K.L.:
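The structure under discussion is supplied below as structure tokens; questions concerning it will follow.
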Amino acid sequence: MCENCNSGKSPVRVRFAPSPTGYLHVGGARTAIYNYFFAKHMGGTFYLRIEDTDRKRYNETALHDLMRDLKWLGLQWDEGPGCEGDCGPYFQSERLDIYHREIKKLLDAGCAYYCFCTEERLQEVRAEQEKSHVPVTGYDRHCRNISREEAEARIAAGEKAVIRFKVPETGVTEFDDMIRGHISYQNELLDDLVLIKRDGYPTYHFASVVDDHLMGTTHVLRGDEWISSTPKHELLYKAFGWQPPVWCHLPVILDKNGGKLSKRKGAASVGDFRDLGYLPETLVNYLALLGWNPGDDREVMTIKEMVESFTLERINPKSASFDEKKLQWMNGQHIHLCDDAFLKGIMKEGLAAKGIDLSKEPEERLDEIVKQLKPRAHFVQDLADMAVYFFVAPTTYDEKGAKKHFGEGSKEVATLVRDMLASIEDFKTPVIEKGFYDLAERCGHKVGELVGAPRLAVSGVTAGPGLWEMFEIIGKEEVLRRIDVAMPLMK
RNA sequence: GGUGCCAUCGUCUAGUGGUCCAGGACACUGGCCUCUCACGCCGGUAACAAGGGUUCGAGUCCCUUUGGCACUACCA
């Protein structure tokens with residue numbers, strides 16, 4: 001073990017310590033983001049530790065997805081699974097010998113004891129407490145005074161036991177939280193928590209304290225839900241004679257209505273948002289801003305910029321509501337920030353998935369399409385979705401648009417436009433534009449009255465890039481052909 | 001029930017006793033740009049939870065109330 005990891009003036013070492021039981025929730029993702037930002041800002045180490053001590057809930061797929069999602073977000077860990085460092089193993093299930101070694105210290109020091117209470121007895125105690133409305137709840141310390149000798153004899157005789165922490169019955173446990181300040185708990189309200197379970201695995205409380213110390217963790221940035229267990233952890237550090245880390249409890253992320261963000265009600269995991277078409281940069285940026293700000297008015301930022309500005313002092317204690325509208329806006333902003341070549345790649349993939357063959361497409365034509373679509377995209381798949389008609393003629397026409405643009409008189413207008421276009425030799429944007437303006441003047445229409453029907457005929461929809469640009473990209477012959485095809489639908 | 005945490009526009013937030021009749025962003029909305037839709041630009045609506053203190057002065061400090069959330073497992 002690397003006892004020297006946390007010796008002396010140790011640089012920052014932080015961790016993300018998920019338990020592989022389900023998908024990576026955005027709340028968990030933000031915890032990872034803050035840990036990552038802090039480590040990188042301080043020039044420290046960000047490590048990943050897998051808290052797989054619950055054998056019933058362990059899920060192999062969850063573990064795989066978790067690491068995939070973290071990498072997708074760009075939060076590559078410096079140490080952890082796949083990047084062994086000096087403090088491994090990074091799976092708690094592989095550290096059982098360590099926990100047993102450490103629990104012995106506590107047992108020897110009289111800070112922990114064996115407990116033989118059955119599940120049933122515990123339930124009865126709990127039920128009794130609930131019924132009588134006693135202010136102090138939790139384990140009644142039934143086995144607290146069984147001597148070490150007696151306990152070991154009973155275990156040798158085949159009895160099963162857990163090991164509990166001997167929490168002081170009086171006094172106050174205090175600690176400082178980086179973002180909430182000073183917090184204190186009366187010890188009498190704390191119960192003797194289980195450290196080692198009946199199956200020999202440690203509980204979260206024990207394993208995380210032992211590992212955080214042994215792995216040299218200097219700052220613990222974790223979810224709010226841990227705040228009420230922190231006095232227990234603090235007491236554990238004290239029992240071991242170890243220096244506790246700097247605590248930093250992060251507020252929760254709520255849904256639009258202030259409730260829990262859950263899959264049932266919509267997107268809640270990193271994977272959900274990826275599937276929806278969000279860029280990882282967007283998600284990281286948005287999540288980071290949910291509870292933190294750089295201290296100035298910047299909002300759309302790159303990961304590099306956020307790392308540079310990140311400080312714990314600027315994290316908010318207040319829980320925040322997730323606003324997908326703003327996320328959407330921000331995705332558009334990040335799409336603007338992407339370079340065209342990258343976006344072209346995404347568009348090509350999307351089009352290929354739609355069965356469109358791009359093998360004969362000149363790259364310059366694809367570049368031009370990306371240029372036109374980029375400011376209009378809010379989701380990554382918008383690029384391919386909006387690009388389809390550049391390659392395939394529409395087979396249907398937007399219903400509302402047809403009502404508006406294929407109505408009385410549209411055939412006449414379309415014919416005029418068609419003939420004008422047919423007469424253009426150099427089918428380029430400025431020439432097409434001039435053609436429209438000249439035609440408008442000639443026939444006494446406004447340009448606006450000339451574009452609706454041709455746009456719908458050629459693209460099938462009413463919204464999109466500038467018509468002249470669109471026509472140039474699609475090309476003269478095809479534009480004329482599409483207008484001809486739609487002509488019978490006009491009146 | 002107990003304990004703890006939290007509390008500025010609908011939402012994310014700035015604000016660390018005077019420079020705040022509270023600033024920015026999203027959303028909403030009026031307008032500009034314009035061949036459509038976006039983008040962009042200019043404007044508008046909109047908040048210090050309530051009540052007590054402390055202070056010459058409070059969004060900022062203290063107390064109470066209210067509300068929200070978390071924990072109260074041999075799950076994390």
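Within every chain, numbering begins at 1; the chains are lettered A, B, ... in the order of the sequence lines, protein sequences first and strands thereafter. The structure displayed is predicted, hence computed values, not measured ones.
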K.L.:
Could you give the distance separating B:C61 and B:U16 at their C1' atoms, to the nearest angstrom?
P.N.:
11 Å
K.L.:
Could you please name the option among B:C6, B:C74, B:C39 that lies closest to any side-chain atom of A:Arg126?
P.N.:
B:C74
K.L.:
Return the nearest nucleotide to the side chain of A:Lys318; candidates are B:U13, B:A76, B:A25.
P.N.:
B:U13
K.L.:
Using OP1 and OP2 only, check whether a side-chain N or O of A:Gln333 sits under 4.0 Å from B:G40.
P.N.:
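For B:G40, OP1/OP2 do have a side-chain N/O of A:Gln333 under 4.0 Å.
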K.L.:
Choosing from B:C75, B:G10, B:C69, which nucleotide comes nearest the side chain of A:Val252?
P.N.:
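My answer, after comparing the listed nucleotides, is B:C69.
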K.L.:
Does the side chain of A:Thr53 get closer than 4.0 angstrom to OP1 or OP2 of B:A76 through an N or O atom?
P.N.:
yes
K.L.:
Do A:Asp323 and A:Lys326 sit within salt-bridge range, that is, some charged N less than 4.0 Å from a carboxylate O?
P.N.:
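Here A:Asp323 does not pair with A:Lys326 in a salt bridge, since their nearest N and O are not under 4.0 Å apart.
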K.L.:
Between A:Leu290 and A:Phe322, is there a side-chain heavy-atom distance shorter than 4.5 Å?
P.N.:
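Yes - at least one pair of side-chain heavy atoms lies under 4.5 Å apart.
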K.L.:
Is any side-chain N or O of A:Glu130 under 3.5 Å from a base N or O of B:G1, one able to act as donor and the other as acceptor?
P.N.:
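Not at all, since no donor on one side and acceptor on the other fall under 3.5 Å apart.
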K.L.:
Taking only the side-chain heavy atoms of A:Asn316 (C-beta and beyond), determine which of B:A38, B:G4, B:A14 contains the nearest atom.
P.N.:
B:A14
K.L.:
Which nucleotide sits closest to the side chain of A:Asp297: B:G40, B:C26, B:G24?
P.N.:
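In terms of side-chain proximity for A:Asp297, the closest of B:G40, B:C26, B:G24 is B:G24.
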K.L.:
Looking at A:Lys326 and B:A25, is any side-chain donor or acceptor paired with a base atom of the opposite kind under 3.5 Å?
P.N.:
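Pair found.
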K.L.:
Which one, B:C37, B:A76, B:C12, comes nearest to the side chain of A:Ser19?
P.N.:
B:A76
K.L.:
Is the phosphate of B:C74, meaning OP1 or OP2, less than 4.0 Å from a side-chain N or O of A:Arg164?
P.N.:
yes
K.L.:
Just checking, A:Lys232 and A:Phe165: is the charged tip under 6.0 Å from the six-membered ring centre and within 45° of the axis?
P.N.:
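No.
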K.L.:
Does A:Asn293 make a side-chain N or O approach to OP1 or OP2 of B:A14 shorter than 4.0 Å?
P.N.:
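True: A:Asn293 side-chain N/O within range (under 4.0 Å) of B:A14 OP1/OP2.
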K.L.:
Taking the six-membered ring of A:Tyr139, is the NZ or CZ of A:Arg164 close enough (under 6.0 Å from the centre) and on axis enough (within 45°)?
P.N.:
yes
K.L.:
Within the structure, does a side-chain N or O atom of A:Lys446 lie under 4.0 Å from either OP1 or OP2 of B:U36?
P.N.:
no
K.L.:
So which nucleotide from B:A76, B:U11, B:U3 ends up closest to the side chain of A:Glu51?
P.N.:
B:A76
K.L.:
Given B:C6, B:C71, B:C74, which nucleotide is nearest the side-chain atoms of A:Arg180?
P.N.:
B:C6
K.L.:
Answer with yes or no whether A:Arg376 presents, from its side chain, a donor or acceptor under 3.5 Å of a partner atom in the base of B:C37.
P.N.:
yes
K.L.:
Quick check on B:A38: is either OP1 or OP2 less than 4.0 Å from any side-chain nitrogen or oxygen of A:Lys374?
P.N.:
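No, because none of the side-chain N or O atoms of A:Lys374 sits under 4.0 Å from OP1 or OP2 of B:A38.
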K.L.:
What's the closest nucleotide to the A:Ile227 side chain, out of B:C5, B:C12, B:A76?
P.N.:
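Closest nucleotide among those given: B:C5.
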K.L.:
Rounded to the nearest 0.5 Å, what's the gap from CG on A:Asn285 to CE on A:Met306? Could you check?
P.N.:
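The distance works out to 4.5 Å.
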K.L.:
Tell me, do A:Pro231 and A:Leu190 make a side-chain contact under 4.5 Å, heavy atoms counted?
P.N.:
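Yes, side chains in contact.
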K.L.:
Starting from P on B:C74, measure out to CG on A:Asp192 and report it in whole angstrom.
P.N.:
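It is 12 Å, rounded to the nearest whole Å.
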K.L.:
Kindly point out which of B:G10, B:G24, B:U72 is positioned nearest to the side chain of A:Thr137?
P.N.:
B:U72
